[in-house]
Amino acid sequence: MIAEIILNSNAKDLDRTFDYKVPKDMEKQIKIGNRVFVPFGRRKVLEEGFVVGLKETSTFETKEIASMSDNPFLNGKRIKLAKWISKRYFCNLSDSMKLMLPPGTKTNKVENRIKEKTNNFVYLKKEEDEIEWEIENEKIKSEKQIRILRFLMENDAITTGDLEIFTDTSRAIIKTLEKNGYIEIVEKQVERNPFLYKEVEKTEKLKLNDEQEKAYEKIEQAIEKQKNSQFLLFGVTGSGKTEIYMQAIEKAISKGKTSIMLVPEISLTPQMVERFMSRFGKEKIAVLHSKLSIGERYDAWQKIASGKINIVIGARSAIFAPIQNIGVIIIDEEHDSSYQSEMTPKYHAKEVAQILAKENLCPLILGSATPEIGTFYKTNKGEIELLELKKRANNSSLPAVEIIDLREELQNGNRSMLSVKLQEAIKENLEKKQQTILFLNRRGYSTFVMCRDCGYTVKCKNCNITMTYHLKQDKLKCHYCGYEEKKVTVCPACKSTNIRYFGTGTQKLEQEVQKLFPNATTIRMDVDTVSKKNSHEEILNRFKEENIDILIGTQMVVKGHHFPKVTLVGVIAADSSLNIEDFRANERTFQILTQVAGRAGREKLQGKVLIQTYNPDSLAIEQAKQQDYKEFYESEIPIRKQLKYPPFCDIIVIGFSSEKEQEVIKQAKKVYEYLKNRIITEKIGILLYSPVPAPIDKIKNKYRWRMIIKCIYNEQINTLLHQAIEQNECKKSISQTIEINPSNMM
Ligand code: ADP
Ligand code: ZN
Ligand code: ZN
């Protein structure tokens, strides 16, 4: 018997199956998905691999499998899904298989890992590039040291004990690396499951209102009859969608089935999780999120795989949790761009969920107040059933929204970030002792620095994007690579001292608010204040519990939270998302404004929203004011159709990058010519654009070119693109990527 093995490796030239002989005594137990260790080439250590196929004979001369262990995470179905992912999203099979394995399945010892007692976490102390360079130039020679460093580059939050086990090394080697300045060991409070010791009060299901009842019945039927239907649960924030999700899960449990619910990472808050725990108990729910340490993540996966869990709640990658016998899959805030991975494999969790739902014969529920245009389009075409909730469940009314024209403010001599009306509204709210949220679609103190005499702007030397000034450190920073520079006072181009800091940020806004309202308490939330573990949660809790008057923040304040005392929301400048170079600019603007507006007046107190803008005539802004999604949809869909954008056409971006620009251009042109030829000779119906530099044409010293294809992405195009890559081999120094409808077009 012959087993087809995929090695657990990122190397491009190992991205294929290798045949190995199955020893006689293994023949009975071996099955697809098993983890094996095999000799490979001249390597001294055995390589880890996975069985992806079994057959009788091989045309190659084969070596024998050395050892085998069961692997609870992979099986025939999972391998099939991994194959589908690597084909559809253009990645190595081992990369897509990794999605289905908890981290660290590298060594035999993993399964016997001892429970961690210490709380020492290991972090890299040097830049990754520097370490890679040292490895390449043999400054670091020890194989075990290299293994540890590589592991740390790929994973974060690991304890010393786990690190030893996952890399099959010893404490002494970790200590050596620490002594030599490569890593640091930091003693930390061990992250505990905050729910483990918390008493959660049991809640019973609510009696659904008529709208909810109608929607729920459809879903219940599909779960009951095991129908693979798709639903869009379309309802404003507070319309009772979550209550419906919970009752659908309860239904699935009553049929002896499990459930997966995906939420955007940022809404995976303790409050949200607690709602599910109090309904279903803590023991049966696994919560997966990026803050789990590797050990915790491994434990959670193990528990799920053993069948002890019947509800998995998590962000994007939770769709790959090893849960079986699924009765319902839910994707909340389905329009959220985080469901699409920006890292390889660049998969769309919504598409994977569809495959899983089909395989399990269960319904898929997509929920949103502002569905993705493509999702709503499918309800019109009858591919997805529309379930609508029009009212808020607790009968609180939607807030009144008003638009403020910032151009008029300027004309009237008001140079502040806050219009007169917004200032008055804040003052009034402070007097009533109610809370306010000010929302700014930016971060940092000042967006960019420009010379007023010659127009010079400071750009990052590695990434060619404008650097941002950070007040606290008094430095310029690149948001892409972290490169820092001293603040400029003299223009490097013309030596003028007439330098201006343009744009506005949360820090500046906070200063202005403090000046205008010296007695008000404020709290700020943006990428800079939440980079610490958990501080996102802390800030929101403080805002709520300490009754802070004004919360100032970026996108992060928008999602998921329920603040009963917030009655005023001010949007400082609605325009920033309108001006992004992306066909979804209107859609993003509408979504974000509708969501911020939804933070105001969620209970008995009437809410008010003031949107400041330089584009009061923009349709997206006007429709966000009306909070009328359907209006917005009707005005957006003809534009998409005319310009051949999704949902009428898919956008495929083929990217090339390398440190040598000539190399990149040459390869891009080669692939372009190849595609052009095939399209013409075979009369393939696609629009192919010539290769051009990407909008951000250099990141981390790598030049970036790309070309865009507009077409309906189907089997034929998929094959064409795979052939385009296979038949135009390129140097290892060039990386090529293919992305389907990428969420980030930069
Ligand atoms: P959404 O998920 O659409 O934002 P939720 O399910 O969170 O809405 O409901 C909003 C609020 O209304 C919650 O406080 C919830 O407990 C309450 N609620 C939901 N459904 C009902 C119902 N049928 N009866 C009474 N209150 C409800
Ligand atoms: Zn200048
Ligand atoms: Zn940079």
Side-chain angles (χ1 to χ4, degrees), residues 200-220 231-251 259-280 285 311 313-315 328-336 339 364-372 375-376 386-399 437 540 544 557-567 569 591-607 609 627-629:
V200 285
E201 226 169 282
K202 177 112 181 73
T203 60
E204 295 299 328
K205 64 177 170 192
L206 301 173
K207 187 176 171 340
L208 298 178
N209 63 35
D210 290 350
E211 276 187 336
Q212 283 174 314
E213 186 64 45
K214 250 174 74 188
Y216 174 69
E217 262 172 24
K218 291 272 169 63
I219 295 168
E220 186 192 21
F231 298 102
L232 170 63
L233 188 55
F234 169 49
V236 292
T237 41
S239 58
K241 297 187 292 295
T242 309
E243 182 61 33
I244 295 183
Y245 302 152
M246 289 197 285
Q247 299 203 9
I249 291 172
E250 200 169 327
K251 174 74 192 174
S259 318
I260 297 185
M261 181 166 95
L262 300 187
V263 297
E265 176 83 40
I266 216 151
S267 18
L268 206 54
T269 59
Q271 289 100 307
M272 199 281 291
V273 174
E274 211 174 308
R275 251 178 107 179
F276 281 78
M277 300 236 167
S278 24
R279 187 71 57 92
F280 299 104
I285 302 182
I311 307 169
I313 303 179
V328 64
I329 302 177
I330 299 161
I331 302 185
D332 189 30
E333 309 282 4
E334 67 90 32
H335 60 276
D336 197 275
Y339 289 128
L364 170 63
I365 308 174
L366 307 171
S368 177
T370 52
E372 194 192 323
T375 305
F376 204 80
L386 178 65
L387 306 172
E388 206 172 341
L389 303 177
K390 293 188 173 130
K391 311 191 294 276
R392 279 187 164 177
N394 53 9
N395 280 322
S396 68
S397 51
L398 286 170
I437 294 179
L540 294 175
K544 197 163 169 175
V557 303
V558 180
K559 280 171 193 164
H561 274 266
H562 189 68
F563 303 112
K565 282 171 82 177
V566 171
T567 50
V569 169
Q591 279 164 354
I592 206 150
L593 292 180
T594 313
Q595 278 192 7
V596 235
R599 297 300 107 199
R602 288 173 58 102
E603 275 178 17
K604 288 176 196 73
L605 303 166
Q606 170 68 33
V609 180
Q627 301 188 53
D628 191 338
Y629 176 82

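Counting convention: from 1, in listed order, for ligands and their atoms alike. The basis for the numbers below is simple: all heavy atoms, side chains too, and nothing from hydrogens, waters or symmetry mates. Because the structure is a prediction, the values reported are computed rather than measured.
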Review point. Do Glu243 and Lys205 come within less than 4.5 Å of each other through their side chains, counting heavy atoms only?
Key: yes

Quick look: Met246 vs ligand 1, heavy-atom contacts under 4.0 Å, and the answer is neither

For Val236, the atoms of ligand 1 under 4.0 Å from one of its heavy atoms are 3 (O)

query = Can you tell me if NZ on Lys390 sees more than 12 non-hydrogen neighbours from other groups inside 6.0 Å?
reply = no

In terms of its nearest heavy atom to atom 7 (O) of ligand 1, the top option of Arg275, Glu213, Lys241 is Arg275

So the atoms of ligand 1 within less than 4.0 Å of a heavy atom of Lys207 turn out to be 22 (C), 23 (N), 24 (N)

inquiry  = Is the distance between the ring centroids of Phe234 and Phe376 under 6.0 Å?
reply    = yes

Counting heavy atoms under 4.0 Å, the part of Leu206 that contacts ligand 1 is side chain

So the atoms of ligand 1 within less than 4.0 Å of a heavy atom of Asn209 turn out to be 23 (N)

Nearest heavy atom to atom 8 (O) of ligand 1, choosing from Ala369, Gly240, Gly367, Gly235, belongs to Gly240

Practice problem: State whether a side-chain donor-acceptor pair under 3.5 Å links Ser239 with Arg392. | Solution: no

Report yes if the side chains of Ser368 and His335 come closer than 4.5 Å at any heavy-atom pair, otherwise no. yes

Taking side chain as C-beta onward, heavy atoms only, is Phe231 less than 4.5 Å from Ile219?
yes

